[in-house]
Amino acid sequence: MHVKFCVIILLFKFRLAISYYHVKLTSDSPTVRGGTVHFVAELFEDGEPASGKFKYIWLDNSILIHTETHESESNVDTWSVTYPANASFPPGPYEVQVAVEKYYVLFYIHKTSQRLIFELTEHLNGKLQLTQNNEVLLGKYVSSAFPVVHKVELTKSDEEYINHTATSILTYWFVDCVYYGVSADYTFTLSYPEINKKHKLEALVVAGYEPITTVAPPTTTTTTTPTPNVTTAVPTSTTIAPITSTTASSNSTGIKVKRSAVLPSHNGILPVNNSFPFVCLSNGSVAPDTKKTYGLFSRKFISKAPVSNITVTGNYWLPKGDVLSLKVKCQGSSQFYYCKHIFEGVYNVTGNETCDVPPPDTSDECEFPIKRYFQKPQKYTIAIVIYNDVAKIVSPVTVTVYEVAHQAQLSVIVVPVASSLIAVVLIIFGVAYYVQNRSRFIVEVADFNFGQQCSDLEYKTFRERLYDSISNAFLRAPSPSSSEPNVWPPGRKYGSLT
Ligand SMILES: *[C@@H]1O[C@H](CO)[C@@H](O)[C@H](O)[C@H]1NC(C)=O
Ligand SMILES: *[C@@H]1O[C@H](CO)[C@@H](O)[C@H](O)[C@H]1NC(C)=O
Ligand SMILES: *[C@@H]1O[C@H](CO)[C@@H](O)[C@H](O)[C@H]1NC(C)=O
Ligand SMILES: *[C@@H]1O[C@H](CO)[C@@H](O)[C@H](O)[C@H]1NC(C)=O
Ligand SMILES: *[C@@H]1O[C@H](CO)[C@@H](O)[C@H](O)[C@H]1NC(C)=O
Ligand SMILES: *[C@@H]1O[C@H](CO)[C@@H](O)[C@H](O)[C@H]1NC(C)=O
Ligand SMILES: *[C@@H]1O[C@H](CO)[C@@H](O)[C@H](O)[C@H]1NC(C)=O
Ligand SMILES: *[C@@H]1O[C@H](CO)[C@@H](O)[C@H](O)[C@H]1NC(C)=O
Ligand SMILES: *[C@@H]1O[C@H](CO)[C@@H](O)[C@H](O)[C@H]1NC(C)=O
């Protein structure tokens with residue numbers, strides 16, 4: 001009994017010794033000063049989520065140290081710390097640590113710990129998202145054919161912070177150093193029709209904390225809020241309020257910011273200080289109002305014309321043995337990438353066809369040939385895939401290859417049939433002609449004086465007839481009338497002399 005107990009204890013200790021604990025620590029920083037940083041600790045035992053009862057001891061290294069201890073039966077623990085935007089918490093890197101203890105019967109035993117660097121920033125964190133046709137643009141190109149929706153996407157913690165604290169959140173939009181207006185919903189839409197032009201988009205988010213007496217932008221649609229005492233961010237229409245010069249004398253920092261952006265040079269209103277990088281002021285910056293929170297986001301891109309107007313010319317309809325030769329042309333901005341997929345029979349393109357396999361050919365001009373020899377006489381569909389940096393088109397072409405032998409058979413049938421037809425037509429014509437001219441034949445027959453002639457032939461002997469003809473010749477000769485046609489051959493009269 002005693003031995004058994006000892007073995008169990010030993011096994012238990014052994015297990016204590018060999019189990020490998022690991023805690024994974026993450027945070028959602030960078031976070032703007034004033035915001036809340038969320039830390040997450042995930043505990044693993046031999047690579048698997050740990051189970052048991054744990055103690056998580058949290059600690060950060062700010063000047064006014066934060067610490068907290070959580071007892072939990074979960075292997076995941078979170079800690080949220082709000083760092084006030086005051087001198088005690090200057091922006092910069094900080095460190096957080098978590099130590100994990102596991103509970104065994106009577107007491108906690110330290111298992112593992114982890115440290116993580118996180119960052120508090122002066123300005124709002126996030127990114128500029130460009131969307132076209134509901135598609136998020138990841139590259140540096142925009143299509144010249146569609147408007148671009150620009151949106152500032154703040155990190156969740158920063159958005160949460162200003163959602164809860166700010167009384168106004170406005171975004172000022174600049175394209176190529178030109179001020180385009182202000183919006184309250186972080187979004188702005190603009191088209192870039194000029195092809196192959198570089199653009200720089202900048203967005204300045206300004207969160208103000210003045211009491212709710214702030215002026216709403218001019219095109220405010222008064223939304224009926226059920227709780228009027230809640231000081232939310234200014235509810236405004238999504239339209240961009242254009243800047244007006246009448247606001248020039250105002251001391252509002254936001255408006256000063258606008259002016260400074262519109263006028264690219266120093267105009268005296270804004271002292272240029274290097275604490276805030278600012279839009280288009282040559283190496284300039286804006287002295288920020290310390291009572292506001294700013295966020296500056298920028299993105300560069302190039303507008304390009306999408307692939308369009310594909311035309312395909314060539315011999316779609318070819319006899320077996322001929323080589324298909326098509327010419328494809330299209331319009332748009334270079335560089336073009338293209339490939340083709342050949343399907344037997346009629347194929348409905350899905351638009352999902354890609355040029356992944358095989359890799360596409362490239363060209364600066366959208367003009368290229370397709371040559372191909374087809375074995376089998378049948379229909380084929382060629383899906384031509386062309387794309388450039390901003391658009392893709394899949395264009396199907398149906399090609400028919402026919403058997404040449406079919407034509408020979410055809411002639412074998414056609415020629416006899418045609419010949420027969422011609423023969424029939426000729427016969428009909430002949431009969432018709434005969435019927436039409438029958439009466440004339442009859443008249444002509446009646447004109448012949450057979451009787452006389454026959455009697456002539458009957459009663460005259462050869463000699464008599466010879467005599468007749470000779471005498472006739474001699475009788476006519478001296479008096480040839482002009483009406484009488486020339487007798488042929490002319491030598492006939494002389495010949496009769498002999
Ligand atoms: C900053 O805020 C914290 C929490 O409100 C406060 O304890 C601390 O005294 C403040 N520091 C300064 C310099 O105001
Ligand atoms: C902030 O407020 C906006 C609208 O008022 C809301 O759409 C958004 O979800 C809020 N974000 C957070 C993180 O609370
Ligand atoms: C708004 O006012 C009502 C009473 O007028 C009050 O009960 C409520 O707590 C207030 N809400 C806030 C967020 O101040
Ligand atoms: C603007 O601010 C200056 C000092 O910063 C002050 O002298 C002036 O009276 C203010 N003007 C208005 C219109 O508030
Ligand atoms: C500019 O910043 C410096 C410190 O960086 C400060 O001493 C100076 O007063 C600031 N100037 C203005 C006009 O804010
Ligand atoms: C702006 O900065 C660039 C280098 O970053 C410098 O070459 C240029 O002279 C500066 N311009 C002004 C007006 O300070
Ligand atoms: C494409 O073709 C249409 C009509 O055929 C024409 O109106 C349009 O201008 C063409 N597009 C381009 C980019 O040339
Ligand atoms: C192609 O689509 C048409 C109508 O959209 C359909 O009638 C036909 O059956 C489809 N053909 C194939 C091969 O899927
Ligand atoms: C095209 O691809 C998308 C995503 O890969 C898929 O959801 C869709 O069903 C595809 N469409 C067709 C017609 O295959």
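Position 1 is the first residue of the sequence; numbering continues from there. Numbering of ligands and ligand atoms starts at 1, following listing order.
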From Lys102, Glu71, Lys55, residue fulfilling side-chain hydrogen bond (donor to acceptor under 3.5 Å, both in side chains) relative to Tyr108: Glu71
Side chains of Tyr20 and Thr112, donor plus acceptor under 3.5 Å: no
Contact (N/O only, under 3.5 Å) between Lys156 and ligand 2: no
Whether Thr69 side chain and Ile57 backbone form a donor-acceptor pair below 3.5 Å: no
Proximity winner for atom 13 (C) of ligand 1, if only heavy atoms of Ser88, Gly34, Pro84, Ala85 are counted: Ser88
Partner of His66 by ring-ring contact (aromatic ring centres under 6.0 Å, His included), out of Phe39, Tyr94, Phe89: Phe89
Nearest-neighbour protein heavy atom for atom 6 (C) of ligand 1, which is reported as residue plus atom name and distance: Asn86 ND2, 4.1 Å
Spatial distance of atom CG (Asp158) from atom CG (Asp28) [nearest 0.5 Å]: 8.5 Å
For atom 12 (C) of ligand 2, the option (of Asn163, Ile162, Asp158) bearing the nearest heavy atom: Asn163
Stepwise side-chain hydrogen bond (donor to acceptor under 3.5 Å, both in side chains) check, Thr187 with Lys151: CA-CA 4 Å; Thr187 62; Lys151 186 170 200 292; over 6 Å; no
Contacting atoms of ligand 2, where contact means under 4.0 angstrom from a heavy atom of Glu159: 1 (C), 8 (C), 10 (C), 11 (N)
Taking atom 7 (O) of ligand 1 as the reference point, the nearest protein heavy atom with its distance: Leu64 CD1, 4.1 Å
Per-atom contacts of ligand 2 with Glu160, taking only distances under 4.0 Å to non-hydrogen atoms: 13 (C)
